[in-house]
There are 2 protein chains.
Amino acid sequence: MHDQTTRDRILESALHLFSTKGYIGATTKEIAKKAGLAEVTLFRHFRSKEKLFETVLNSYTFLPDLKGLLPQVSDKPYEESLLIIAERFYDKLSERKEMIQLVQAEVQRYPEKLLKTYQKFIYELWHTLALYLNELQKKRIITKLDPEIGARAFLGMCFAYFNAQELMLNKTPDKKTKDETLKGFVQIFVRGTTA
Amino acid sequence: MHDQTTRDRILESALHLFSTKGYIGATTKEIAKKAGLAEVTLFRHFRSKEKLFETVLNSYTFLPDLKGLLPQVSDKPYEESLLIIAERFYDKLSERKEMIQLVQAEVQRYPEKLLKTYQKFIYELWHTLALYLNELQKKRIITKLDPEIGARAFLGMCFAYFNAQELMLNKTPDKKTKDETLKGFVQIFVRGTTA
DNA sequence: TGCTTATGTAAGTGGTTACTTACATAATAA
DNA sequence: TTATTATGTAAGTAACCACTTACATAAGCA
């Protein structure tokens with residue numbers, strides 16, 4: 001078959017251009033050029049631009065990355081756990097920045113393709129955190145509150161911070177500012193939820 | 001000059017199509033058709049597609065809308081104030097949903113045009129809330145915390161909820177669910193910040 | 001050596017797009 | 001009535017795009 005590294009280079013280049021210029025705005029010519037290849041090579045690896053787009057979406061899912069995040073902290077104290085979750089969550093978002101930009105920009109246009117992935121992503125994460133909060137509630141560590149609303153609130157703070165900084169303003173905050181902000185979020189949330 | 005209502009119809013149609021299909025994806029033909037006009041009429045009102053885009057951006061700023069939101073609540077008790085702010089904020093975002101979708105999707109592509117507007121929007125709102133929190137801090141109503149981080153946390157929860165529901169899942173939650181969620185957010189935040 | 005495989009260059013095709021030009025029409029104002 | 005204004009229909013243009021076809025080349029393998 002075709003060279004794997006060539007294929008990967010096309011996918012990487014495509015992800016970058018789709019995420020910055022959008023599906024329509026990124027041309028096959030430009031994608032190939034950025035990968036250092038002739039346009040025709042792109043079409044030898046992928047039947048069509050649409051097929052390439054789908055492959056990009058499937059190759060860069062962020063789902064598995066985040067699943068393992070929560071179980072690891074269940075033994076640690078509440079505040080410490082949340083700080084770890086906040087930091088990992090933010091870092092994963094940063095790492096997958098291009099993919100998230102792509103999804104946010106194109107959901108309206110290709111809901112069939114994108115919505116399922118994204119819904120799963122939001123839902124799984126949110127729900128897993130809700131389960132964790134529910135556990136803590138049973139142990140009387142946190143106060144009586146809807147755990148799903150709590151999960152929403154916590155992840156929402158972190159996501160909105162990421163969104164504003166990295167997607168909108170396009171500026172990664174320095175580590176110190178980031179850490180302090182997330183710590184501040186955790187403090188408010190912990191204070192607002194402990195029994 | 002040209003008819004004002006015709007112009008407005010083009011702008012409205014353009015906003016809708018730009019926000020759902022993106023700048024490149026929305027064609028002048030389709031915009032005109034949706035406005036019930038011939039394509040050539042669009043070009044009689046706007047020199048170019050780009051000029052039309054800029055006019056849309058300037059016509060639908062959400063900035064002034066939100067500025068008046070905060071001063072009105074300064075006499076009310078803390079929790080009540082925050083609930084009002086959360087609800088108004090969410091509703092304004094809903095009302096301007098198309099504009100926000102447009103900005104989020106296109107910032108990467110036209111930062112010169114969009115960033116200034118959006119930066120102002122985030123910054124003003126966030127900063128105004130921070131000032132309000134700072135006031136409360138002086139009155140010893142809320143605890144010692146960075147007011148800007150507090151503002152970020154609070155608006156972040158609300159924005160992320162809006163973003164997930166209305167932009168991603170494209171489903172406006174029913175009033176009851178929405179109210180309860182926002183109330184939950186406010187409770188966590190108030191509990192987490194009161195002295 | 002000769003065959004296969006992955007790439008390249010070059011040229012082209014049919015469709016679409018932003019935008020233009022020319023001319024017609026209906027309403028309104030002088 | 002006549003001139004103006006806002007629209008319409010129709011046709012066209014130059015550029016670009018996704019995708020194709022034909023042919024060349026260089027490397028590795030049989």
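Chain identifiers are assigned alphabetically (A, B, ...) following the order of the sequence lines, protein sequences preceding nucleic acid strands; residue numbering begins at 1 within each chain.
The listed nucleotides are dT20(D), dT7(D), dG8(C); the one nearest the side chain of L37(A) is dG8(C). Picking from dT7(D), dT9(D), dC19(D) the nucleotide with the shortest atom distance to the side chain of H45(B) gives dT7(D). Checking dA18(C), dT9(C), dT7(D) against the side-chain heavy atoms of R44(B) singles out dT7(D) as nearest. For E39(A), whose side chain is taken as the heavy atoms from C-beta onward, the closest listed nucleotide among dT9(D), dG8(C), dA18(D) is dA18(D).
The CZ-C1' distance, from R47(B) to dT20(C), rounds to 16 Å in whole Å. Separating the CZ atom of F46(B) from the C1' atom of dT20(C) is a distance of 18 Å, rounded to the nearest angstrom. One atom, CZ of F43(A), and another, P of dT9(C), lie 16 Å apart when rounded to the nearest Å. Rounded to an integer number of Å, the gap from CG of L42(A) to C1' of dT9(C) is 16 Å. We find that CZ of R7(A) is positioned 17 Å from C1' of dT7(C), with the value rounded to whole Å. One interatomic measurement links the two molecules: NZ of K49(B) to C1' of dA15(D), which rounds to 14 Å at whole-angstrom precision. Across the protein-nucleic acid pair, D8(B) atom CG and dT7(D) atom C1' stand 17 Å apart, rounded to whole Å. One can place CG of L17(A) at 12 Å from P of dA18(D), the figure rounded to the nearest angstrom.
With hydrogens and angles ignored, the 3.5 Å screen pairs a side-chain donor or acceptor of N58(A) with a backbone N or O of E54(A).
For the segment residues 20-29 of chain B, the set of residues with a heavy atom within less than 4.0 Å of an atom of DNA chain D is empty.
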Yes or no on salt bridge (charged side-chain N to carboxylate O under 4.0 Å, His left out) for K175(B) and D179(B), after CA distance, side-chain angles and deciding distance? CA-CA 6 Å; K175(B) 194 174 161 18; D179(B) 285 354; 2.9 Å; yes

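Nearer to the 5' terminus of DNA chain D, by closest-nucleotide assignment, is the contact made by A38(B) (compared with the other of S48(A) and A38(B)).
Salt-bridge check for R109(B) with E106(B): passed, with a basic side-chain N closer than 4.0 Å to an acidic carboxylate O. Comment: D91(A) engages K178(A) in a salt bridge, judged by a side-chain N to carboxylate O separation of less than 4.0 angstrom. Salt-bridge annotation for K21(B) and E30(B): present, with a side-chain N of the basic residue lying under 4.0 Å from a carboxylate O of the acidic one.
Aromatic ring centres of Y110(B) and F53(B): separated by under 6.0 Å.
Side-chain contact annotation: Q104(A) with N163(A), donor-acceptor N/O pair under 3.5 Å present.
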